[in-house]
2 protein chains.
Amino acid sequence: MNSTPTRQPGTTAREIGDMLERLRNHVPMQRWVVRAGDVLYTIGARFTSLFVPNSGYFKDVILTADGREQVVGLHFKGDWLGFDGIAEGRHGCNAVALDTGEVWSLSYEHLLNASARQPDLLTALHAAMSRQISRDHELMLALATLPADVRVADFLRNWTGSLAERGLRTDKITLPLTRAEVGSYLGMTLESVSRALSRLDGADVIRVDNRFRRDIEIPEVAALTGFIERNGLAAAVR
Amino acid sequence: MNSTPTRQPGTTAREIGDMLERLRNHVPMQRWVVRAGDVLYTIGARFTSLFVPNSGYFKDVILTADGREQVVGLHFKGDWLGFDGIAEGRHGCNAVALDTGEVWSLSYEHLLNASARQPDLLTALHAAMSRQISRDHELMLALATLPADVRVADFLRNWTGSLAERGLRTDKITLPLTRAEVGSYLGMTLESVSRALSRLDGADVIRVDNRFRRDIEIPEVAALTGFIERNGLAAAVR
DNA sequence: CGAAAGATTGAGATATTTCAACTGCGGTGG
DNA sequence: CCACCGCAGTTGAAATATCTCAATCTTTCG
């Protein structure tokens, strides 16, 4: 019936905090402070490490033959980046910081060694990979079935959902993405993203700031969910 | 330049065979013979095991709120199914056999135990998850950027690619999927799939059998690749 | 301050969906 | 054995959603 499983507020935030704590205590790591545009790894680069943001936002992008970018993933605090490199030993996408933040770099080998004595670590690793796969499936569902406006609404709901899980405010958000990046992620043009946002604004589902147009007010997430359920034929049953 | 990395024929087939062999020798498993439509697990079912096909084809489907299906994954011999259940302890999609086949069921717990003494197993597990993530990204790219005809051509190329990796013939294939299932996977209607196949046939890229319309001749995969490169703006750089 | 980048909006072009009709195959039951 | 029905697939024509192209405006940054 309901589309996003409602969890105790703060529960996930604590889980993420605990996980980060465990990593800090048991795995050797390097901390990097990054600024918008900084690159964690690029396509073809030798895979040695996984990355876990402690703050900031990050994107995964594939490069297309004609030189444009396709955004295939977005990451928040406590997410893991770099899984796609494990199989072949080389990364399959670029990972780029979307704003200022801190990211931890964990040697995959060291992580595996540490997990021999600390099985929690392996559990956390597997859970992170599993979650990424589930999220990818949900994105596919959105790409494959939702009309443009609903896709944007769904994107905003997921974004606020991720913020909420981390105990951050969701009534006023600032997207660290251009319209073009959102469009790439959602499989539509930047113009369509802009129009969708305008229509959501017109329908009083959100309010787009007149001046700083990446600032978006979402007084109640329920309005977004309602819009999605009314206009999108699809929503995953859970 | 070239889109699919050309590997020594048989190389991957041997890798897959070796991996299956290792599983057979070191992990307790149950073997199931399945028929088209048989279900490995359903949404919400408690996660205990991963599944590895030894033969046959399988699909992952999410159910949408309005009761339709969304195909989010397709699996061949040596692939792994069920990763999405690890994080939450419950499966997030249904896994269904598309034809007759044999699948091995491996207890996740036993697998982890066995991998303590046999680190290869952990490597194989991680590689399989990593590959799934990479493949999901490629599908997103296709969904987000390719026009319908090219999406279908790309689908056929990937399908034949998977067959080739397993040492199977690729010049004559039989899809175990309906047009509707292909359409669901590619984010388009069954009519559009049908039209795309007709146009690919008309362009002499493939030949759709008149009688058994799931039988498709692909005399040379290069024709598919050429069509994709000519008509699809996008192809991942690797 | 000026130029470049990001964003919005309109109008026309276009790809895909929708709706509908029709075909062929396969199974079932009289 | 044949009639019938349902499922899968194809194809056409109209409807529609999204894209493309272009103009305009704002903000950011050197």
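Keep in mind that the numbers below use all heavy atoms, side chains included, and drop hydrogens, waters and symmetry copies. Naming: A, B, ... by sequence-line order, numbering from 1 per chain.
- Evaluation of the side-chain hydrogen bond (donor to acceptor under 3.5 Å, both in side chains) rule for A:Thr174 yields A:Asp215 as partners, not counting sequence neighbours.
- With sequence neighbours left out, A:Glu181 forms a salt bridge (charged side-chain N to carboxylate O under 4.0 Å, His left out) with A:Lys59.
- With rounding to whole Å, B:Leu177 atom CG is found 14 Å from D:dG9 atom C1'.
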Using the 3.5 Å cut-off, write out each protein N or O paired with an N or O of nucleotides 28-30 of chain D and the distance between them.
none

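- Every ring pair (Phe, Tyr, Trp, His ring centres under 6.0 Å) that B:Tyr41 has, sequence neighbours left out, goes to B:Phe51, B:His91.
- Each ring pair (Phe, Tyr, Trp, His ring centres under 6.0 Å) pair with one or both residues in residues 53-73 of chain B, not counting sequence neighbours, appears once here: B:Tyr57-B:Phe76, B:Tyr57-B:Trp159.
- B:Arg35 meets the side-chain hydrogen bond (donor to acceptor under 3.5 Å, both in side chains) test with no other residue; sequence neighbours excluded.
- At a non-hydrogen distance threshold of 4.0 Å, B:Gly187, B:Met188, B:Thr189, B:Glu191 from residues 183-191 of chain B come into contact with DNA chain C.
- Comparing the helix axis at one end of the helix from C:dC1-D:dG30 to C:dG30-D:dC1 with that at the other, each defined from 5 consecutive pairs, gives an inter-axis angle of 40° (nearest 10°).
- OP1 and OP2 of C:dG6 both lie 4.0 Å or more from every side-chain N or O belonging to A:Arg214.
- If you check residues 200-207 of chain A against DNA chain C, you find no residue with a heavy atom closer than 4.0 Å.
- Under the rule for a side-chain hydrogen bond (donor to acceptor under 3.5 Å, both in side chains), the partners of B:Ser192 that lie at least two apart in sequence or sit in another chain are B:Thr189.
- Applying the side-chain hydrogen bond (donor to acceptor under 3.5 Å, both in side chains) test to pairs two or more places apart or on separate chains, those with a residue in residues 198-212 of chain B are B:Asp149-B:Arg199, B:Asp201-B:Arg207, B:Asp204-B:Arg207.
- Listed by chain and number, the residues in a side-chain contact (heavy atoms from CB on, under 4.5 Å) with B:Ala148 are B:Met188 (sequence neighbours excluded).
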